Each structure stands twice: as structure tokens, then as C-alpha cells.
Student: 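Once you've had a glance at the structure underneath, I'll fire off some questions.
A quick note: this is a predicted structure, and the numbers were derived from the prediction, not measured. Atoms within each ligand, like the ligands themselves, are counted from 1 in listed order.
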Amino acid sequence: MSDLVQLTKDNDVAIITINNPPVNALSPGVPEGIAEAIEQLQKDGDIQAAVLIGGGRTFVAGADIKEFGKMTAGKSRGPGLLPLLLKIEDCRKPLVMAIHGTAFGGGLELAMAGHYRVAVPNAQVGQPEVKLGLIPGAAGTQRLPRLAGVAKAVEMCAEGNPIKAQDALQAGILDRLIDGDLLSGAVAFAREVAGKPAPKTCERKDKLGAPEQNAPIFAAAREAARKKQRGMMAPLAAIDAVEAATKLSFEEGCQIEQKLFLECLFSDQSRALIHVFFGEREVARIPDIPKETSVLPVNNVAIVGAGTMGGGIAMVFANAGIPVLLKEVDRAALDRGLANIQKNYANSVKRGRFTQQYIDERLKLIEPTLSFDGFSGVDMVVEAVFEGMALKKEVFAELDRVCRPGTILATNTSTLSIDEIASATSRLPSVIGTHFFSPANVMRLLEIVRGQATSKEVIATCMQLSKRLGKIGVLVGNCTGFVGNRMFGPYRREAQFLVEEGAGVEAVDKALYDFGMAMGPLATGDLAGLDVGWRIRKEYRHLQKPGIRQPFAEDKLCELGRYGQKTGVGWYKYDEQRRALPDPEVTQLVRKWAAEAGIPQRQISAEEIVDRCLYALVNEGARILEEGYALRGGGPMWYADTVGLKTVYERIREFEKRHDEIWAPAPLLKQLAEQGRAFAEFNKPRTATA
Ligand code: NAI
């Protein structure tokens, strides 16, 4: 038998143990091992029943996600899990699945093929395939409604969220919860059912409901999926597959599921989501900072500035259970900051995200202050004062005086040089950028900005800290705008140019929203505050090359006090509920400004809007990659690869002819396009610093 699966005996009960650390994924060898164990225990006359359990910290946590990539690359399309699951279900001796940790995806499909399921109370089960743009592919959509009923199965397969053991027991997915030792509890359960006919999930029909009961469930689920998971095909496919379970035989339902599974598997959506899945894990790998690099303790922090960002960052630390000292310049600013935090928390209680008790505990962790007293006792400081070099340097010089050696001094600056800020201190290795995105307590991305002299320990600590804070930390180099804002600049520049050339405000946003962006670029500007970019542009105006076209619309809107949502008017006008309404005045204003600037007006297609905005991201991203400020390509580079770099390059050349040197193709893009290669293949040893 394969070393991944062991068969042992406890008198009359066989025990199959899967040992494929760390998560007992169903990698090649595991299904074969289980099949062999089933054959052996069937032949063994002493055996009356069997238990299948995971060794180590979990049951089977899921399929091996790498296998999906192999399948789409045409490398392996074995028989899949289905034949094994039928073999398990056909076993004449009752088989009890014993679950601890998680039984997700293929793990739950495996468990449902058993005759009974028991679990420890803190176990979780789920069909999270939709999160990878897939649906269950081993009869999950067929067995789950038979155990849990149609409504529950639709919810679990279409939304992908895990449920706790207690809920799974109530839903009928589990037969019993085991307090105490799982294996002995499962063996005792197996003895209780030994000798009785083993019930097959696939033969059950009692929970499949009647068409008139089911129709509204499917209709509501489809509507919710179209709204909450806009544009995604997998949730709708999952609902179709569960519906097939209610209308067809088990075998026919499995065939429908297979067909839908393969359609999803070979879609760009699933490939992209699987890329994101691995990408989010890969960002932790930094070539010159080995895993063993020692990290510093971060048991308490201080934050300077309780504005939009400082307040949000205080919540992020408090939510992770880390005490925060929150400093402001005066009482009024401090009170404003605290009131915002309270308002934010109150909203999450209203929306049911947190309980009042949870909030009260978080608020106790945030200690407001007007002085630097107490800063000598913290492990880390995050500065979030106004964006201005002189002020930042003043604050860092003060931090250098008051903080003990070794304290991590982090800045939340979005554009300023980490090295210049660090120069105000006598401890360059301790200074780093931790660039949170707004709203800080919501956005998952955290750019960790490496200065010339930032120590490896400080970087490793911040990378690890990002996980504790529930963020995806990405190490980037110290260039203007770092990676996120540097790419965002040309993207929003094009959005403005398009409007200045005659595209409607809503048309620009709609084209990108329909493409799949969460919001259009102009509405995003209104949300973040148009004045933020305006102030930054004023700061950098002296660096602009004369004769190069610059967007003017947002600067002019700001001059009129139209800052976006915060002033009630920006690209759009906003009602009391902050709903965006089209504003004909903006259209007239932009037409007038365009006429003054001599910009001819024309019809612009949605295709051109998408290409210009997206390729502006891609072209800047290519420069960032080549310059080494990012270690690896992100979403836009992935998108460009799927389009084909030759196509992207040629389109950018067209834009260059029309719009001049701002569209000069990045040398890396040109090179890869000419070589017929992709960004995914670009691999140069880099350390995210120049
Ligand atoms: P803000 O204007 O909302 O807040 C700044 C706060 O700092 C004010 O409350 C001010 O009273 C306080 N402050 C100024 N000097 C201080 C001092 N010496 N000691 C203590 N507090 C002081 O600004 P916001 O938007 O929170 O920005 C803060 C930093 O975060 C800036 O560097 C900005 O570039 C960056 N950032 C802003 C983002 C945004 O979307 N607003 C996103 C990411 C970064």
C-alpha cells in the first residue's frame, strides 16, 4: 500500500489513516491507497466496520490545487475521485468518516461517500470550489443536497463558505459530534453500526424536495449570485448542478456536474483565481530573506495621526488584539479620530459583523494620547500624519529621540521616499514603509516598502505581522507611488483623458465595471477624494516634463471644491445615501475645458476605454517589474498574458502614435512580445529594491 495511506486494526474495526502532510490533500497516491485499503478490509473476515481518519492536524482539507493546473495543461486527466467514491459507497461493511480540522472540497466529497460521518466539535466542512472559479467535481453537488437538503447545498456550493460541525450536524451532513478522542469515538460508533446495512448517500431521495418547493430556492440563489458574485460563472454552474441532482438520477446528475466542472476548469476565471490563490502564498517568499530570518516581537504599537488612515490602522491592530497608543496634535483632532473609529465599529455591529462585546474589547485596546509619553515602551510605531516631507521628517526625528533602540519605525506614506524619511533618524535599518490602503480596516493589501537600509529582520517582522493583521503583505521597492499607486496613476490618467476626449463619465466607469472592476476609476476617485491626488500632483509639479500632455479635469474639479463624496460633488453628485448621480454640469464643464485646450471631441467605444485604462496599468507594471521594484507580476500582468503580449504591445504602439511618448512601450513588454513570451516567464533575481 502507498505510504500515504495506512490500514490498521482495532479488533473488529479497520482503521484507514491518511498521512499526506500538511493537509492530507488528495494528491496522486492517496485515492489509490484508500481504494487498496477498502479492498483489503472487504476481504478480511474479522472486520465488521471501518473508520477513515486523517493523520496529523486535519481530515482531508481538499483537493491538491496543483492538480487543476496540470489538468488544464493537458498533463493529467486521471479517472478523478468519482470511481473511488463509488467504491467506498459500495463497500459492504459500514465505513465511518472521522473528521477533525477541515473537510473542504474533495475532502467533504470523500466524507459524503462514506456511510456515516462523525466529527470533533471544532471541525469545519465546506465546498469552497467557487472561490477558485470551480464547482465540486466529485459528486459534491449531488451528494450534499441528499444529506443536507437543497437550500443548504445550494448555499454551500454557490457561496463556498465553510460551516461549523454543529451546523453540519443540524443540517444532516454529520451523524454525531465526538467530544474527547476522535478515533476512539469513531471506532465505538463503527461498532454500533456494524452488521447493519450500510446506507448509501447516493440512494437517498428524502431531502431532494419537490419542484415547486425548489424553484424559489434556485431562483433566489441565482439572483443573489448575479448580484454578489457579479460576472462569475462558477456560482451559477454550482446552482445548475444542484438543480440537476433534484431532477435527474444520481448518475445523470454526476455527468452534468462533470460537464459543468470542466467548463469552469478551462475558463479564464478559474485559471485567474487559481493564479491569485498561489500568488497570495508566493508573496511571502522573498529571495534574499530566508524563512529562518529572525523576527522582532510586536506586542504593542503606537500610531501617529488619527485621521482617515491612522484611525483605520488603529482598528486593524486592535482587531488583531495588539494594544495601540494613538497620538494626535490636539484634543479636537483626537476626538474626531476616536469618534470615527467608534462610528466605524458601530456600523459593523449594525451589519452583524461584530458583537457589541467584541467592539468594547477592541476599544479598550486603543489608548488616545496627545504626547509622545509611552512611545519608549512600544515595539513599533506607524506614522500616518499629513503627506508632506517636512512634517514626516520632523515626526521621525522626534521618534528617533523618544523610541528605544530596535523599535520599528514605519510610515504609511503613499508617495514619499522612505530613504529620505529615514534620513531624519539615526537608525536607518529600523525604518520601513507599511502602506495601508483606504479603508485600512477593510482593504487586504498591505505594501511593505523596503528602504535602501531597511534590515532583513524588520522586513521579515512586517511580512509576518501582515498575516497577523489579516492582510496580504507584499514587499515592494522605494519608488514614487511604490507599486500600487504608481500603476494606478496612468490608469486614472487615461480615464481622465478619455473624458476630456469626449467619453461620458458614466461610460468610462461602466466600461471598466463591466470588464470586472469593483468600481469604475472615476467613481473610485470620488470615493478616495479627488483632492488627495491633486495635492500630490501639486507637490510633484516641478518634476513634470514640459510639452507632455497632462490630465486637467480633476485638478479643475478640485479648484471648484468638487473633491468627491466628501464634498457631495466630484465626477458625480451624491445624495444623502451617498448614491452617485450623473451630473450634467460636469459634462458641460469638461466640454468647455476641452474646447479651451483644443482637444477634439469624438465617440469613444467601450473597447477603447478598457484597452487604454488596462494597458496603461500593464505598461507601467512592466516598467516596475523590469526596474525590480516588484518581485513578481500581479493581476494586470496576468491579464496581459491571457490577451497575449504581442496583441497588447501592438495596441500600445497604436496609442503611442496617437498620444505620444506617455505611451512608449515598456522595454520589457517589447522584449517579451517580440520573443513570444509572457510576463509569467519573466524571472530575474530581484529583491524589490533598486
Ligand atoms: P488625514 O488628513 O486624514 O490625517 C492626518 C492626521 O494626522 C490628522 O488628523 C492630523 O491632525 C494628524 N497629524 C498631523 N501632524 C501630526 C503630528 N505631528 N502628530 C500627530 N498627529 C498629527 O490624512 P490621511 O488620509 O489619514 O493620510 C495620512 C497618511 O496616510 C499620509 O501620508 C497619506 O499619504 C497616507 N495614505 C492615505 C491614504 C488615503 O486614501 N487617504 C491611503 C494610503 C496612505
Student: Counting only heavy atoms and a distance below 4.0 Å, can you name the residues contacting ligand 1?
Tutor: Val304, Gly305, Gly307, Thr308, Met309, Lys327, Glu328, Val329, Ala333, Ala384, Val385, Phe386, Glu387, Leu391, Lys392, Val395, Asn412, Thr413, Ser414, His435, Phe436, Ser438
Student: Going by the rule side chain to side chain contact (heavy atoms under 4.5 Å, CB included), which residues pair with Ala346 if we only count those two or more places apart in sequence or in a different chain?
Tutor: none
Student: Please collect all ring-ring contact (aromatic ring centres under 6.0 Å, His included) contacts where either partner lies in residues 502-531, sequence neighbours excluded, each pair once.
Tutor: Phe515-Tyr639
Student: Using a 6.0 Å distance limit plus a 45 degree cone around the ring axis, check whether Arg362 lies over the aromatic ring of Tyr345.
Tutor: no
Student: Name all pairs fulfilling the salt bridge (Lys or Arg N to Asp or Glu O under 4.0 Å) condition that reach into residues 480-494, sequence neighbours left out, sorted by first residue then second.
Tutor: Arg486-Glu620, Arg486-Glu627, Arg492-Glu554, Glu494-Arg612
Student: Would you call Arg623 and Glu626 a salt bridge, taking side-chain N to carboxylate O under 4.0 Å as the test?
Tutor: no
Student: Any Lys/Arg nitrogen of Glu387 or Arg535 sitting under 4.0 Å from an Asp/Glu carboxylate oxygen of the other?
Tutor: no
